[in-house]
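Only one structure is covered here, and it is reproduced in the block below.
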Amino acid sequence: MDKKKRKIGIIVFACIAVCLMIGTIIVKSPGHHDSIGELMRDAVLHETNKVSLFGLMDVNPGLISAFTVTGIFLVLALIVRIFVIPRFKLIPGKLQLLLETAVGFFDNLAKSNSPHRNKFLGAYIFTAGAYIFVGTILELFGIQAITTQGTPISLPAPLADINGAVMMGCLSYLVILSGGIAENKLRGVGKTLKEFSLPISMSFRLFGALLSGALVTELVYHYIALSYGLPIIVGVLFTLLHALIQAYVLTMLTALFYGEVSEPAHKKK
Amino acid sequence: MPLNIDWQQILLHLFNFVILFAVLYFLLYKPVKQFMDERTEYYKNLDDEAKANLAESEKVKAEYTERLSQSEAEIAKSKEIARKELAMSIDAQKKQAENEAAKIIADARITAQREREKILKEAQGEIADMVTTATEKIVLGSGADAFDQFFAVAQRGESDE
């Protein structure tokens with residue numbers, strides 16, 4: 001009986017897969033008028049596919065993604081604050097353990113890299129890490145937006161937009177600078193300015209990593225032949241991996257440099 | 001701008017991130033961290049209390065051990081004193097018994113001496129009476145041999161002593 005059911009299930013699954021495959025070949029996507037080169041150029045430069053921000057101005061889709069991420073966080077954080085945190089127990093449950101692990105991880109990262117001054121740093125890298133991770137994961141859900149030209153577009157990671165990446169890199173540099181000033185005054189400014197390439201390297205590392213993910217995914221989905229099976233690895237595993245890696249790299253670098261510039265100067269004997 | 005960098009959009013991203021920071025800090029990071037710190041403090045207090053109790057127990061144990069060792073020394077000292085007192089008491093009683101025995105012996109000797117003297121005195125009286133009686137008998141019974149019988153009785157009396 002079980003074997004019979006299993007056979008029927010496999011046959012139904014295979015039929016659905018074949019039908020979908022035939023359907024994708026017969027039905028042509030209306031959005032793929034552009035060549036792959038033009039698509040990639042637009043993914044990097046955002047010259048054509050703009051999205052209207054409440055009718056006020058045309059912005060890159062990455063900014064809409066950024067607002068979406070903040071909206072998701074706002075709702076989730078409110079729910080957690082109202083319904084979950086007041087019910088925290090000394091011996092944590094699964095959700096409490098997840099939250100405590102996330103907060104504890106960034107708090108420990110801040111404390112281990114910057115033992116002298118880490119309260120603000122912990123909060124900052126927690127936010128940055130969560131933003132990068134969730135923002136990158138957002139790609140997977142393929143949330144649709146309508147461009148100013150009337151075509152649908154799947155929302156990319158916020159940091160795949162050069163403006164978002166520049167903001168993140170420069171803000172991280174300013175946070176590092178603030179740590180230096182708070183602890184060592186002018187000496188801290190000097191220490192931070194020595195690493196003048198940091199905002200550029202952090203910005204473009206983020207931009208490059210997240211954009212490359214988006215470009216590879218775009219490339220894979222552009223060709224029908226590559227659209228079967230491969231997206232499981234490229235679309236899901238790679239996205240998850242580089243979400244984790246980029247969140248860790250930026251937060252770790254920020255904590256490391258913050259700790260370096262906020263280290264109290266040793267008095268000469 | 002190269003790469004279509006747009007400062008207005010950078011500021012919008014920044015504005016978005018600042019809002020996100022405020023939301024995550026006040027709604028998530030701060031309360032969770034506060035709870036974790038309170039729990040750490042709670043367990044630290046428990047640990048400190050346990051350590052303090054342990055230290056107190058160790059102190060009490062050390063006090064009792066010291067007291068016990070002091071008590072053992074005191075017991076040994078008391079035993080020694082009692083042993084000495086007992087020995088002294090035995091000696092005193094022994095001496096007293098010897099004295100009493102000596103006194104009893106001396107008294108017995110005196111009493112025996114007195115008895116002897118008394119017996120002797122009584123014997124002498126009896127002998128004298130017997131001698132008198134015998135003399136009378138001899139004198140009154142036969143006149144010639146009376147003096148010889150007297151001497152014979154007198155000699156028998158001396159040999160008896």
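Reminder, nothing fancy here: chain letters follow the sequence lines and each chain counts from 1.
- Under the 4.5 Å side-chain criterion, counting only non-hydrogen atoms from C-beta, B/I5 is in contact with A/N163.
- Atom OG1 of A/T70 sits about 9.5 Å away from atom CZ of B/F15, to the nearest 0.5 Å.
- Identified by a heavy-atom distance below 4.5 Å to chain B, the contributing residues of residues 113-122 of chain A are A/K119, A/F120, A/G122, in residue-number order.
- At a threshold of 4.5 Å between non-hydrogen side-chain atoms, the residues A/Q96 and B/V32 do not count as touching.
- In this structure, the side chains of A/F73 and B/L28 stay at 4.5 Å or more apart for every pair of heavy atoms.
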### Task
Please lay out, stage by stage, how A/V59 and B/D6 fare under the test side chain to side chain contact (heavy atoms under 4.5 Å, CB included).
CA-CA 9 Å; A/V59 293; B/D6 183 346; over 6 Å; no
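- What you find for A/D107 and B/K33 is that their closest heavy atoms are OD1-CE, 2.9 Å.
- Per-residue counts of heavy-atom pairs under 4.5 Å with chain B were compared for A/P92, A/G164, A/A102; the largest is that of A/G164.
- Around the CD1 atom of A/I91, the shell of radius 6.0 Å holds no more than 12 heavy atoms that belong to other residues, nucleotides or ligands.
- Pairing each heavy atom of B/H13 with each of A/D161, the nearest pair is NE2-OD2, 3.2 Å.
- Taking a 6.0 Å sphere around CZ of A/F105, one finds it holds more than 12 heavy atoms contributed by other residues, nucleotides or ligands.
- The side-chain heavy atoms of B/Q9 and A/M167, taken from C-beta on, include no pair separated by under 4.5 Å.
- For a residue to count as touching a neighbouring chain, one of its non-hydrogen atoms must lie under 4.5 Å from one of that chain's; by this rule B/Y25 touches chain A with the side chain only.
- B/E38 does not touch chain A: none of its heavy atoms, backbone or side chain, sits under 4.5 Å away.
- In this structure, the portions of A/L63 lying under 4.5 Å from any heavy atom of chain B include both its backbone and its side chain.
- Nearest heavy-atom pair, A/V166 versus B/I10, reported as atom, atom and distance to 0.1 Å: CG1-CD1, 3.7 Å.
- Atom CE of B/M130 has 12 or fewer neighbouring heavy atoms from other residues, nucleotides or ligands inside a 6.0 Å radius.
- Looking only at side-chain heavy atoms (C-beta outward), A/V103 and B/M36 come within less than 4.5 Å of each other.
- Heavy-atom distances place both the backbone and the side chain of A/L78 under 4.5 Å from chain B.
- Counting only heavy atoms from C-beta outward, the side chains of B/I19 and A/F67 never approach each other to under 4.5 Å.
- The aromatic rings of A/Y124 and B/F17 sit perpendicular to each other, their planes meeting at more than 60°, with 30° as the lower class boundary.
- A salt bridge links A/E100 to B/R39: one of the charged nitrogens lies within less than 4.0 Å of a carboxylate oxygen.
- Within the 4.5 Å cutoff, the side chain of A/V80 has no heavy atoms near those of the B/L27 side chain.
- Between B/F35 and A/L90, the closest heavy-atom pair is CZ-N, 4.3 Å.
- Proximity to chain B involves both the backbone and the side chain of A/A128, based on heavy atoms less than 4.5 angstrom apart.
- Rounding to the nearest 0.5 Å places CZ of B/F21 at 14.5 Å from OH of A/Y131.
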